[in-house]
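Here is the structure we will look at.
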Amino acid sequence: MAGWGVGNSAGSAGPGALTLVQGTSFCISAPNGDMAACLPHGLFFQDTRFISEWMLKVQGLPLESLSATTPEPFHGVFVGRPRRDDHADTSLLIDRERKLGEGLLETVTVHNYSQGPMQCRVELFPDADFASLFEVKEGRQAPREHCSRRLTPEGLELESERDGHTERITVAFAGSRLEGDSLVLETTIAAHGQWSGTISAKPVLAGTGGHASAAAGGVPVADALRRVMEWRASMPTANLRDEAVERVIRRSQEDLGSLRIFNPDQPDRAVVAAGAPWFMALFGRDSLLTSFMSLLLDPSLAKGTLLTLAEHQGTKVDAASEEEPGRILHEVRLGATAGLALGGSGVYYGTIDATPLFVIVLAELARWGLDDAAMRQLLPAADRAIRWMEDYGDRDGDGFIEYQRKTERGLRNQGWKDSGDGINFADGTLAEPPIALCEVQGYAYAAYIGRALLATAAGDARTAESCVAKATSLKQAFNEQFWLSDRGYFAIALDKDKKPVDALASNMAHCLWTGIVDNDKAAQVAEHLVSPEMFTGWGIRTLASTMGAYNPASYHNGSVWPHDNAIAAAGLMRHGFVDEARKVAYALLEAADRFNGRLPELFCGLDRARYPEPVPYPASCSPQAWASAAPVQLIRTLLRFDPGLPWDEVWLAPTLPPRNTHFHFDNVPFSGDGRLSIHIDDESVDVSGLPQSIKLRREPRPPLSELFNLGGH
């Protein structure tokens with residue numbers, strides 16, 4: 001993933017664990033609602049675990065889980081009963097309703113279903129270790145320098161000092177008393193009656209004068225609910241003959257809505273966090289690709305992501321954070337323990353692909369109707385990004401973009417396969433940096449083409465010609481130096497000696513998507529992608545099963561990543577390999593259905609013929625942003641839906657099954673406040689809501705490179 005190089009290091013939160021998210025804050029618990037410090041559970045604000053233990057007992061007994069649901073992303077409902085050693089029934093039923101906002105608010109209701117009144121004892125044991133998110137995720141919590149517990153008029157206050165910072169949280173349980181380390185309440189519940197009590201946990205940072213969650217993007221529950229309802233109302237509605245695909249689309253919409261985070265200084269500007277629970281932060285690569293793949297749902301996510309990333313664009317050379325002028329960041333982290341993150345600071349720039357992707361997303365958003373004011377604001381950032389590609393990205397002046405970390409606290413690999421063993425030769429030997437990834441050259445090519453299109457629309461012929469010349473040169477060099485003619489596929493990378501890294505990997509599918517692949521090579525690439533060595537029946541593996549480093553249960557060396565497959569399907573469709581694109585798209589949508597509508601970050605690359613259900617990868621994030629966006633991108637690919645507002649055109653050429661097709665997609669955002677309805681019945685295609693000035697072309701969009709006589713795609 002996207003993460004900071006240890007995306008696969010998280011331990012399991014246990015079967016049925018439930019995650020609530022609200023802004024950058026989140027809460028992970030067992031299905032009975034309890035949290036345990038020995039597991040990656042807790043209540044997190046500003047990347048710090050403010051609650052590490054949260055155990056509720058009734059009649060001195062822990063609770064047995066009966067049900068756990070999330071009506072909204074920030075709202076959980078747990079139903080349980082006291083767990084008796086003899087497993088006999090009990091007349092008590094406990095309902096826990098938890099909401100995450102500017103703190104945690106939990107309403108506990110105990111139902112007495114006996115025929116007489118009952119004395120009831122309710123006790124809560126809370127604790128806080130104030131561990132860094134990174135420590136919790138990796139199971140390496142550092143000892144606290146000082147921690148105190150004291151009862152105040154507001155409740156039980158837990159406080160810790162660490163590295164010169166003071167963190168504090170107050171737990172209030174109305175009507176309770178302190179017994180040892182627990183808050184205890186005793187009451188009598190009438191026959192067939194109930195008792196309800198409220199528990200709150202409010203974090204406070206010293207010197208802020210308020211809740212930590214406010215600084216981390218937390219908002220009151222009422223505001224969070226309003227945002228959820230507004231998001232749902234704005235979403236396109238799908239009416240399909242395939243109910244399973246409908247469910248997948250709805251799940252993607254819900255999850256993408258839950259992963260939005262808002263800047264308190266720009267409350268109307270949303271960006272997408274990379275994924276829950278460990279990556280509830282702005283990431284360059286993840287947020288850009290997610291917003292690109294989500295354009296069919298909400299183009300404002302791409303606009304908010306671009307504006308926010310532009311505000312953090314690099315301005316200086318800093319080896320510790322790997323910041324460089326024009327570079328787009330890898331990740332942003334908050335809180336007092338941000339020093340434990342990559343680079344030792346809150347912002348880390350060590351990614352090789354986010355900067356060209358920034359230009360790609362801007363150019364794509366322009367084709368969807370980006371407003372002039374935002375374009376004027378973002379275009380200088382795009383030009384700075386291109387200068388970074390040339391001045392810093394191309395380290396040795398050979399025309400290719402390569403990476404090598406500048407700090408031991410940085411990522412060894414800085415593409416999307418950022419695990420330490422993610423880039424290797426066919427025999428399994430690790431590639432040594434500086435490394436030039438094949439897909440990054442494709443991103444650079446697409447960035448040049450995109451910038452040329454923006455320049456053409458603005459009447460800037462000089463910039464357009466310059467970018468086209470650079471794209472032409474890069475494409476020629478790429479197809480000469482990365483192509484392995486004896487194997488019929490592209491090397492995943494060039495290593496420090498400019499030797500092709502000859503592993504057969506999924507990265508070359510991204511090259512199809514960006515258009516850098518010559519037409520005479522595309523068919524062989526497509527054939528490899530859907531071969532038995534690469535295609536599992538559920539999706540394309542990250543690494544072919546014939547490679548030395550192949551492991552179907554690894555993070556990047558043989559697993560299946562939904563976003564990777566969505567890009568592959570788009571690349572196959574772009575080059576006219578319709579059957580292959582549909583094969584990948586339908587397989588992934590079926591896998592989503594098997595995962596109850598929610599695609600995980602990744603799953604194991606085992607053959608469907610032997611394993612009739614997709615096998616989960618245990619540390620996979622869920623929901624995860626680009627996995628949630630993947631089904632949306634697949635639908636767009638199958639529709640071959642491409643707006644081109646600078647030319648007053650929209651292309652639509654569905655590749656859905658020709659018979660018995662019923663696909664109605666209403667309330668699709670288009671050009672500012674506009675909305676479209678796309679209705680497909682059998683071979684009939686109708687689009688309503690298009691402005692009269694826009695011409696509908698019922699054919700695939702031609703390659704953008706044709707505008708500049710580049711040929712190919």
Side-chain angles (χ1 to χ4, degrees), residues 231-232 234-259 290 292-298 530 535-540 560-573 578-603 608 612-614 616 622-642 652-669 675-687:
W231 171 261
R232 289 173 178 169
S234 72
M235 284 296 95
T237 56
N239 183 348
L240 317 179
R241 185 162 277 121
D242 191 329
E243 294 183 0
V245 176
E246 271 192 47
R247 287 193 298 271
V248 171
I249 293 173
R250 286 196 298 269
R251 181 76 265 177
S252 289
Q253 292 173 336
E254 286 288 299
D255 288 343
L256 287 167
S258 74
L259 292 171
T290 298
F292 181 101
M293 294 192 291
S294 303
L295 285 168
L296 201 60
L297 299 183
D298 186 1
V530 296
F535 187 70
T536 70
W538 298 115
I540 298 170
V560 174
W561 285 65
H563 90 281
D564 189 35
N565 276 258
I567 289 173
L572 290 164
M573 189 69 80
V578 176
D579 291 341
E580 292 84 350
R582 288 169 61 175
K583 181 177 183 177
V584 174
Y586 293 160
L588 198 61
L589 289 171
E590 285 187 62
D593 184 47
R594 298 299 208 282
F595 283 111
N596 295 318
R598 172 186 282 170
L599 282 168
E601 176 186 15
L602 72 155
F603 53 93
R608 184 173 182 172
E613 297 291 326
S622 185
Q624 199 258 3
W626 57 19
S628 298
V632 183
Q633 177 64 42
L634 292 174
I635 295 300
R636 181 185 171 191
T637 295
L638 292 171
L639 291 176
R640 289 193 289 195
F641 179 72
D642 279 292
L652 178 66
T655 61
L656 303 171
R659 297 190 190 126
N660 200 30
T661 296
H662 176 85
F663 183 98
H664 288 196
F665 211 44
D666 296 310
N667 201 36
V668 178
R675 294 282 161 170
L676 299 181
S677 292
I678 302 172
H679 290 184
I680 303 169
D681 289 289
D682 296 329
E683 297 183 0
S684 171
V685 179
D686 178 69
V687 178

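Of all heavy-atom pairs between F641 and R636, the closest is O-NE, 2.9 Å. Considering all non-hydrogen atoms of both residues, R640 and P654 come closest at NH2-O, 4.2 Å. Between M235 and D298 the shortest heavy-atom distance is CE-CB, 4.3 Å. Here the closest heavy-atom approach between residue P631 and residue S628 is recorded as CD-O, 3.3 Å. Between S294 and V632, the closest heavy-atom pair is CA-CG1, 4.3 Å. The nearest pair of heavy atoms linking R675 to S234 is NH1-O, 2.8 Å.
The shortest distance between side-chain heavy atoms of I680 and L639 falls below 4.5 Å. At a threshold of 4.5 Å between non-hydrogen side-chain atoms, the residues T637 and L572 do not count as touching. P236 has its side chain out of reach of L296: every pair of non-hydrogen atoms, C-beta onward, lies at least 4.5 Å apart. The closest side-chain heavy-atom distance from Q624 to L259 is not below 4.5 Å. A 4.5 Å side-chain heavy-atom check between D564 and I540 finds every atom pair outside the cut-off. The shortest side-chain heavy-atom distance between H664 and D681 falls under the 4.5 Å cut-off. Annotation: side chain of L638 is in contact with side chain of Y586 (closest heavy-atom distance under 4.5 Å). For the pair L656/F663, a side-chain contact is recorded, criterion being any heavy-atom separation below 4.5 Å from C-beta on.
From R582, atom CZ reaches atom OG1 of T655 across 5.5 Å, with rounding to the nearest 0.5 Å. Note that CZ of R608 is 5.5 Å distant from CZ of R594, once rounded to the nearest 0.5 Å. Interatomic distance, CD1 of I567 versus CZ of F292, reported as 8.5 Å (0.5 Å rounding). The structure places NZ of K583 at 5.5 Å from CZ of F535, a figure rounded to the nearest 0.5 Å. With values rounded to the nearest 0.5 angstrom, D242 atom CG is found 10.5 Å from T661 atom OG1.
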Practice task
Go through the steps for L634 and N565 under the test side chain to side chain contact (heavy atoms under 4.5 Å, CB included), then give the verdict.
Solution key: CA-CA 9 Å; L634 292 174; N565 276 258; over 6 Å; no
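Distance alone, capped at 3.5 Å, places no donor-acceptor pair between the W231 side chain and the S258 backbone.
In this view, S677 and D666, H679, S688 satisfy the side-chain contact (heavy atoms from CB on, under 4.5 Å) rule, not counting sequence neighbours.
Ring orientation note: the planes of H563 and W561 are nearly perpendicular, at an angle over 60° on the 30°/60° scale. Using bins of under 30°, 30° to 60° and over 60° for the plane-to-plane angle, the ring pair F603/F595 lands in the tilted bin.
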Show which side-chain atoms of residues 244-251 pair as donor or acceptor with protein atoms under 3.5 Å away, not counting sequence neighbours.
unit_1, atom_1, unit_2, atom_2, d
E246, OE1, R250, NH1, 3.2
E246, OE2, L240, N, 2.8
R247, NH2, D593, OD1, 3.3
R251, NE, D255, OD1, 3.3
R251, NE, D255, OD2, 3.4
R251, NH2, D255, OD1, 3.0

